[in-house]
Colleague: 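Next up is a structure, given as structure tokens.
Below, chains carry the letters A, B, ... as their sequence lines are ordered, and counting in each starts from 1.
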2 protein chains.
Amino acid sequence: MEKAKSIKEIARLAGVSTATVSRVINQNGRFSKETEERVLRVIRQNDYTPNMSAKGLRTSRTRVIGVVVPDITNPHFANVVLHLEMEFTRRGYSCLICNTNESSSLEKKHIRSLTAQNVSGIVLISSTRNYTELDSLPVVYVDRPSRSEKERGEGVMIESDNTQGGYLATRELLGAGCRHILILKCLGNDSNQLARYRGFQRAIGEAGVEEEEALRINLDAVSIDGARKAVADLLDGGVAFDGIMSTTDTMAAGAVIALREHGLSVPRDVLVTGFDDCQLAEACGPGLTSVHQDVAEMSRLATELLFQMMRGERPERSHYRLPVTLTVRKSTRR
Amino acid sequence: MEKAKSIKEIARLAGVSTATVSRVINQNGRFSKETEERVLRVIRQNDYTPNMSAKGLRTSRTRVIGVVVPDITNPHFANVVLHLEMEFTRRGYSCLICNTNESSSLEKKHIRSLTAQNVSGIVLISSTRNYTELDSLPVVYVDRPSRSEKERGEGVMIESDNTQGGYLATRELLGAGCRHILILKCLGNDSNQLARYRGFQRAIGEAGVEEEEALRINLDAVSIDGARKAVADLLDGGVAFDGIMSTTDTMAAGAVIALREHGLSVPRDVLVTGFDDCQLAEACGPGLTSVHQDVAEMSRLATELLFQMMRGERPERSHYRLPVTLTVRKSTRR
DNA sequence: ATGAAAGCGCTAACAC
DNA sequence: GTGTTAGCGCTTTCAT
């Protein structure tokens, strides 16, 4: 790769000034049809691409968007990132990815680094904090805890209707006759978990079913094996239940394995629901009924709102809650 | 966020020149202990972070590394990206992610965009082509087709020993008594698939087992459902087999589902192996025996080699093949 | 409709 | 050990 051509070179070859080339590239008007054609031809012939560092330095905007995500290995987040990246690419923007591993100090470091790089905007997935230092940078929060309007600052937020998801899943179990439902969730600063749990409580409340202390598992982290062990312990302890409502597919998968290892059949003996409707749900046991989030729409909306803000417009609303659906598979149909 | 401070500001506040501040920041020597302390204090007090666009413009290096990947939704790739990003972050570099969706034109566009952005280096995962235009930019190819030394240009390549993986998986099946093994693979420009298949052929050849035309499924794309349908068709057609060697976990999962739907038990009636050892393998059916790639080591090595090249050093070798292991689960143990 | 020129924030060559 | 300064490639104001 010989040294990249500069705008100066293009200007020289096209017999115009660098200003004109810049105007043509950015379609800022004030050039004639012929000049445009000539410049574009030279650009094409020389395979010229503007230097983004220079552009970024000059304009403080880089056509790069930062995406901060807890863990890209989580299929749901991977899916969101994939869709975001496609939306960005369609619009000529790049995607800088930052895994936080749920560490808020790492998250802070990433945010710092992103602003230092003059990113055009940030999508912050499932963050704990508000960043007032980001108040002049376009930010869309996805999956983040609801806060009061005051506290939220300028950012816009998008989430799935997690409470409704928990509600739908639980209703599915109740409708199939379950009366002793194990709730399998994860602690930590993830407010989604809580919302899903609230949906569960609402559903059983409406059905006149009592919540049972013994039928609540709180894991420290989301993992197949952690869930498997926890459910196995419960079964070993002789605790009885006829349904499991898990707040993630991963933990549901662990539960299904534990059940199988204890000679219990899904869905004959125990019914199970998951959340996220990822590949795991399709492959797990007899097929896992799972709450489906509309990731494509979520990403599309996030991108649209972000670009609105980047253009200096203010989105109509500052909080969007997307509907979810239940993908019914065999784990809840005897 | 008020306008970010510049190096000039810091220099003024510290009572030194910008050059000195720059030297301190980059630890380029030629400053006194006291000056250093003073400058660092001012930097800390003012929460100063250097503008990366300016740095990038000046040095043509941005502390950003591009990662080109077919599809981040594939658990194996997501895992690689996660590890790469962690390695980069540890070294103070950021990670620009580009999904190609297996489209070579999109890949080309991304490469162009990455060079325009002055990335410091590129990790190219599972690409089809060689890019001679990248010859002066540090590039590490991961999972890419082997080429002759001539054709490969300057890039360094890393891959898992896919042939050995296919061999190990097949040996596992043979060792358990399988004699009619269905090979489930995917067409397309992915040379790994071919390598894994070659491992299969070697194993059955050594065991004196004939390869059967009827026991070969070539899917157009990797998906649970595609595999499920293909295997179901075979079973409906009355084709008999006692083992399945799949070149990915995803397809293996589909196969397991098809078997279950036809009343066949894994591992009693049919044994199954997958490849990649991802979550799916843990959760699928009775647990899927799967070939495990050392993703952490692969990412570590890729990063190390890339940084060597970025420092202008030439790695010892231009081709690394990493050993794989077999994670044995119940799908191959009756 | 076009050009000249300033300057974004930083680094590095050179001078002292 | 420290300062001065040119210039990376681009956009944009101002002049024409």
Colleague: Here's a test for you: under side chain to side chain contact (heavy atoms under 4.5 Å, CB included), which of Leu306(B), Leu305(B), Val140(B) qualifies with Pro315(B)?
Modeller: Leu305(B)
Colleague: Would you mind listing every salt bridge (Lys or Arg N to Asp or Glu O under 4.0 Å) that reaches into residues 34-45 of chain A, with sequence neighbours excluded?
Modeller: Lys33(A)-Glu36(A)
Colleague: Excluding sequence neighbours, so at least two apart, what forms side chain to side chain contact (heavy atoms under 4.5 Å, CB included) with Pro50(A)?
Modeller: Ile25(A), Tyr48(A)
Colleague: Mind listing the N/O atom pairs, protein and nucleotides 13-16 of chain C, below 3.5 Å?
Modeller:
| from | atom 1 | to | atom 2 | distance (Å) |
| --- | --- | --- | --- | --- |
| dC14(C) | N4 | Arg30(B) | NH2 | 3.4 |

Colleague: Quickly work out the Arg61(A) CZ to dG9(D) P distance and round it to whole Å.
Modeller: 23 Å
Colleague: What's the CD-C1' distance between Glu9(B) and dC10(C), to the nearest Å?
Modeller: 15 Å
Colleague: Only pairs at least two apart or in different chains count here, so list each salt bridge (Lys or Arg N to Asp or Glu O under 4.0 Å) that has a residue in residues 77-101 of chain A.
Modeller: Glu87(A)-Arg90(A), Glu87(A)-Arg91(A)
Colleague: I want to confirm an ordering. Mapping Thr59(B) and Thr20(B) to their closest nucleotides on DNA chain D, which one lands closer to the 5' end?
Modeller: Thr20(B)
Colleague: Kindly write out the residues that satisfy ring pair (Phe, Tyr, Trp, His ring centres under 6.0 Å) with Tyr320(B), not counting sequence neighbours, or none if the list is empty.
Modeller: none
Colleague: Let's see if you get this right: which residues in residues 43-55 of chain A place a heavy atom under 4.0 Å from DNA chain D?
Modeller: Tyr48(A), Pro50(A), Asn51(A), Ala54(A), Lys55(A)
Colleague: Rounded to the nearest angstrom, tell me the gap between atom CD in Gln117(B) and atom C1' in dG9(D).
Modeller: 15 Å
Colleague: If I take atom CD1 in residue Ile25(B) and atom C1' in nucleotide dC10(C), what distance separates them, rounded to the nearest angstrom?
Modeller: 9 Å
Colleague: Pick base, sugar-phosphate or nothing for Ser22(A), based on heavy-atom distances below 4.0 Å to the nucleic acid.
Modeller: base
Colleague: Which ones in residues 31-40 of chain A lie close to DNA chain C, meaning a heavy atom under 4.0 Å from one of its atoms?
Modeller: Phe31(A), Ser32(A), Thr35(A)
Colleague: List for me each residue that meets salt bridge (Lys or Arg N to Asp or Glu O under 4.0 Å) alongside Arg311(B), sequence neighbours excluded, and say none if there are none.
Modeller: Glu313(B)
Colleague: What is the distance, to the nearest angstrom, from the CZ atom on Arg63(B) to the P atom on dG9(C)?
Modeller: 20 Å
Colleague: For Arg112(B), which residues count as a salt bridge (Lys or Arg N to Asp or Glu O under 4.0 Å) partner, sequence neighbours excluded?
Modeller: Asp47(A)
Colleague: Please enumerate all residues that pass side chain to side chain contact (heavy atoms under 4.5 Å, CB included) together with Ser113(A), with sequence neighbours excluded.
Modeller: Gln117(A), Ser94(B)
Colleague: Distance check needed: dG9(D) P versus Asn118(A) CG, whole Å only.
Modeller: 18 Å
Colleague: Kindly write out the residues that satisfy side-chain hydrogen bond (donor to acceptor under 3.5 Å, both in side chains) with Thr100(A), not counting sequence neighbours, or none if the list is empty.
Modeller: none
Colleague: Could you check whether any side-chain heavy atom of Tyr141(B) comes within less than 4.5 Å of a side-chain heavy atom of Leu124(B), counting everything from C-beta outward?
Modeller: yes
Colleague: In terms of side-chain heavy atoms, does Asn192(B) have a donor or acceptor partner in Glu159(B) at a distance below 3.5 Å?
Modeller: no
Colleague: Looking at dC8(D), dT5(D), dG3(C), which one has an atom nearest to any side-chain atom of Thr18(B)?
Modeller: dT5(D)
Colleague: Compare side-chain N and O positions of Ser17(A) against OP1 and OP2 of dA4(C) and report whether any pair is under 4.0 Å apart.
Modeller: no
Colleague: Name all residues meeting the side chain to side chain contact (heavy atoms under 4.5 Å, CB included) criterion together with Asn46(A); count only those two or more places apart in sequence or in a different chain, and write none if there are none.
Modeller: Lys5(A), Ile10(A), Leu13(A), Val42(A)
Colleague: Would you mind reading off the distance between Lys5(B) atom NZ and dC8(C) atom P, rounded to a whole angstrom?
Modeller: 17 Å
Colleague: Grab the CG-P distance between Asn28(B) and dT2(D) for me, whole Å please.
Modeller: 14 Å
